[in-house]
Amino acid sequence: MEPAHIQDQAPLFPVALSSRQFSRLPRMLRRWTFALLVHRFGQPLKRWRQGLANRRASKPYRRHPSAPTLAENQGCVVAVGDFEGKTGLCRAAHYEATRLRARHPGLVLLSLSSQPAGAPVVSGRDLGAVSRVYLLCQPNRYRRALRLFRPEQLATAHRTGLWAWENDVFPRAWRFALRIVDEVWTPSVFSQAAIRSASALPVVVVPHHVTVDLAVPAADRAAFDVPATAFLGIAVMDIKMCPERKNPWAHVEAWQKAFGDSPEHVLLIKVRCSSVTRVVEHELREMIGAAGNIRLVQQDFSEAEQVAFQRMADVYLSLHRAEAYGLNIREFLEMGTPVVATHWSANTEYGPDYAHYRGVRAGLVRYRDWMGHYPDAGFSWADADTDHAAQLLRDVAGRVRSTRAVG
């Protein structure tokens, strides 16, 4: 934990805008674009249609508890996931597939996205009987995943679902999947509690098999216009669906409280927006203002480019409201990079095991979200203390400066 004099230190710099100001009139009105209105009013119908489609499509694949299960040597072992996607869930599927290959040498991988260039096209329907199937995707992708097989192929297969959920209310939209799988793997005790509340299925905590290629060199800071001597912070977030959960405004607020507009303290926020959440980009730019030490990075990276980008950082900042696991947090910790993160939800289970983890104090607030992302809204999530985050950031920056001076 941080020294006492750091704990008690007041913010050094004023903040022009706080994150809460965007939830008040008249700024709030700018969020209610035509695209958002279509999204919000269309959500109930879209969810109903998706739920109906999921129930119908999955019905032939429902498990029969009395059906015998094939031994592994009597059928093939298959893992299904979106292995070529760009999200954290896709990276998690990739990590799990790596672990499963060691356990099942003949493992067959079926991708929900397009096959990588040069890879042979494999059809699940041509595999014959399946003894085990690992569904390395969320239940909302099961309609597509199950179509890769004939129902009779999975009739005697042991089915394992890898699910991750970031609040304590199990989603009604996933209930159909409780009749598809024999067991659920989930990466954290936090996620396990929500899933267990909805079913008597075995729910096993299996932390993501995170491995980091430390042989990949850091990217050239000059490509991002960052001075070589600067203290560099990185934040990574996908806000296409629920900006409130990733809480990007708090990241800008904490960095400004810690360092003002100092050009020797730079924060790069890698962010992915949708047409509906593009307004958040404008809000962040308004908060940043004329300060040049906070920048948004919006290009997509390959896997190697993503690791190289991560390896530039002197600190990783994550002021999220809730995480089912926090894959980026764990990756940066594995790299040896200090992490300043909201001390709430799944990352509290592994973060304190690392000497370079800095947990940010947070209070719980009731779920409120102008995007209406979670229809099952009866839960609370974290609101990070940006003053405390700023203190921790200054502490890490001081340690990095001292290390460089010694070096």
Side-chain angles (χ1 to χ4, degrees), residues 1-13 15 210 212 214 218-219 221 224 226-237 246-270 288 291-295 297 307-320 323 326-345 347-348 350-362 382 384-407:
M1 296 297 292
E2 66 279 11
H5 75 279
I6 294 293
Q7 283 186 333
D8 299 332
Q9 186 175 343
L12 298 179
F13 303 99
V15 179
V210 176
V212 178
L214 297 179
R221 288 188 171 196
F224 299 91
V226 176
T229 58
F231 176 73
L232 175 60
I234 283 179
V236 180
M237 62 193 73
K246 293 299 186 180
N247 202 9
W249 309 272
H251 293 68
V252 176
E253 188 175 320
W255 198 265
Q256 290 178 329
K257 285 180 176 180
F259 307 116
D261 60 358
S262 165
E264 285 300 312
H265 300 82
V266 178
L267 175 64
L268 298 180
I269 304 177
K270 185 180 183 303
I288 293 167
N293 66 335
I294 304 177
R295 301 162 203 166
V297 177
V307 176
F309 178 75
Q310 291 174 318
R311 298 212 63 198
M312 290 193 300
D314 293 310
V315 67
Y316 180 67
L317 182 62
S318 178
L319 300 181
H320 63 82
E323 291 285 5
L327 199 60
N328 277 294
I329 295 173
R330 181 63 183 272
E331 287 172 340
F332 277 93
L333 289 173
E334 291 292 329
M335 290 178 185
T337 303
V339 169
V340 174
T342 308
H343 195 62
W344 166 251
S345 62
N347 53 285
T348 65
Y350 58 82
D353 294 338
Y354 295 83
H356 45 289
Y357 173 81
R358 303 288 187 273
V360 177
R361 291 191 295 264
D385 182 339
T386 55
D387 289 334
H388 187 220
Q391 293 164 9
L392 296 175
L393 287 169
R394 288 194 295 271
D395 179 40
V396 174
R399 292 171 187 270
V400 170
R401 182 170 58 250
S402 299
T403 301
R404 287 178 178 173
V406 172

Discussion item. For a side chain to side chain contact (heavy atoms under 4.5 Å, CB included) check, start with the C-alpha distance between R221 and V266, then their side-chain angles and the critical distance, and finish with the verdict.
Written reply: CA-CA 11 Å; R221 288 188 171 196; V266 178; over 6 Å; no
Worksheet item: Has the side chain of R404 got a donor or acceptor atom that lies under 3.5 Å from a matching backbone atom of T229?
Response: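 Judged by distance alone, yes, a pair lies under 3.5 Å.
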Worksheet item: Under 3.5 Å, is there a donor-acceptor pair between the side chain of T342 and the main chain of H320?
Response: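 Yes, T342 side chain to H320 backbone: donor-acceptor pair under 3.5 Å.
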Within-4.5 Å side-chain heavy-atom neighbours: [X] and [Y]:
{"X": "H265", "Y": "L393", "answer": "no"}
{"X": "P263", "Y": "N293", "answer": "no"}
{"X": "T337", "Y": "R311", "answer": "no"}
{"X": "L267", "Y": "F259", "answer": "no"}
{"X": "R295", "Y": "F224", "answer": "no"}
{"X": "I234", "Y": "L317", "answer": "no"}
{"X": "Y316", "Y": "L333", "answer": "no"}
{"X": "K270", "Y": "M237", "answer": "no"}

Locate the shortest heavy-atom distance separating [X] from [Y]; write the atom from each residue and the value.
{"X": "A389", "Y": "A254", "result": "CB-CB, 3.9 Å"}
{"X": "G359", "Y": "H388", "result": "O-CE1, 3.4 Å"}
{"X": "A218", "Y": "M312", "result": "CB-N, 3.9 Å"}

Discussion item. Using the rule given for side chain to side chain contact (heavy atoms under 4.5 Å, CB included), can you reason through Q256 versus I294, listing the C-alpha separation, both sets of side-chain angles and the distance that settles it, and then say yes or no?
Written reply: CA-CA 9 Å; Q256 290 178 329; I294 304 177; 3.8 Å; yes
Discussion item. Using the ring centroid of each side chain, check whether H343 and Y357 are separated by less than 6.0 Å.
Written reply: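 Yes, ring centres under 6.0 Å apart.
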Worksheet item: Is the NZ or CZ atom of R330 both under 6.0 Å from the centre of the six-membered ring of Y350 and within 45° of that ring's axis?
Response: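 Positive - R330 is close enough to the ring of Y350 and near enough to its axis.
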Discussion item. Among residues at least two apart in sequence or on other chains, which ones pass salt bridge (Lys or Arg N to Asp or Glu O under 4.0 Å) with D385?
Written reply: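 Salt bridge (Lys or Arg N to Asp or Glu O under 4.0 Å) check on D385 returns nothing, list empty.
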Under 3.5 Å side-chain donor-acceptor pair for [X] and [Y]:
{"X": "N328", "Y": "Q310", "answer": "yes"}
{"X": "E323", "Y": "S345", "answer": "no"}
{"X": "E334", "Y": "Y354", "answer": "yes"}

Worksheet item: Looking at OG1 of T386 and CG of N247, how far apart are the two atoms once the value is rounded to the nearest 0.5 Å?
Response: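 So the OG1 of T386 and the CG of N247 are separated by 9.5 Å.
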Fill in: Spacing of H251 atom NE2 and S318 atom OG [to the nearest 0.5 Å]
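Result: 5.0 Å between the selected atoms.
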Item to complete: Please say which of V360, V315, D387 ends up in a side chain to side chain contact (heavy atoms under 4.5 Å, CB included) with L392.
Response: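 In the set V360, V315, D387, the residue that makes a side chain to side chain contact (heavy atoms under 4.5 Å, CB included) with L392 is V360.
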Worksheet entry | Set of residues satisfying side-chain hydrogen bond (donor to acceptor under 3.5 Å, both in side chains) with respect to R401, sequence neighbours excluded |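 None.
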Worksheet entry | Basic-acidic side-chain contact under 4.0 Å: R399, D314 |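 Between D314 and R399 there is no salt bridge, as every charged N stays at least 4.0 Å from the carboxylate O atoms.
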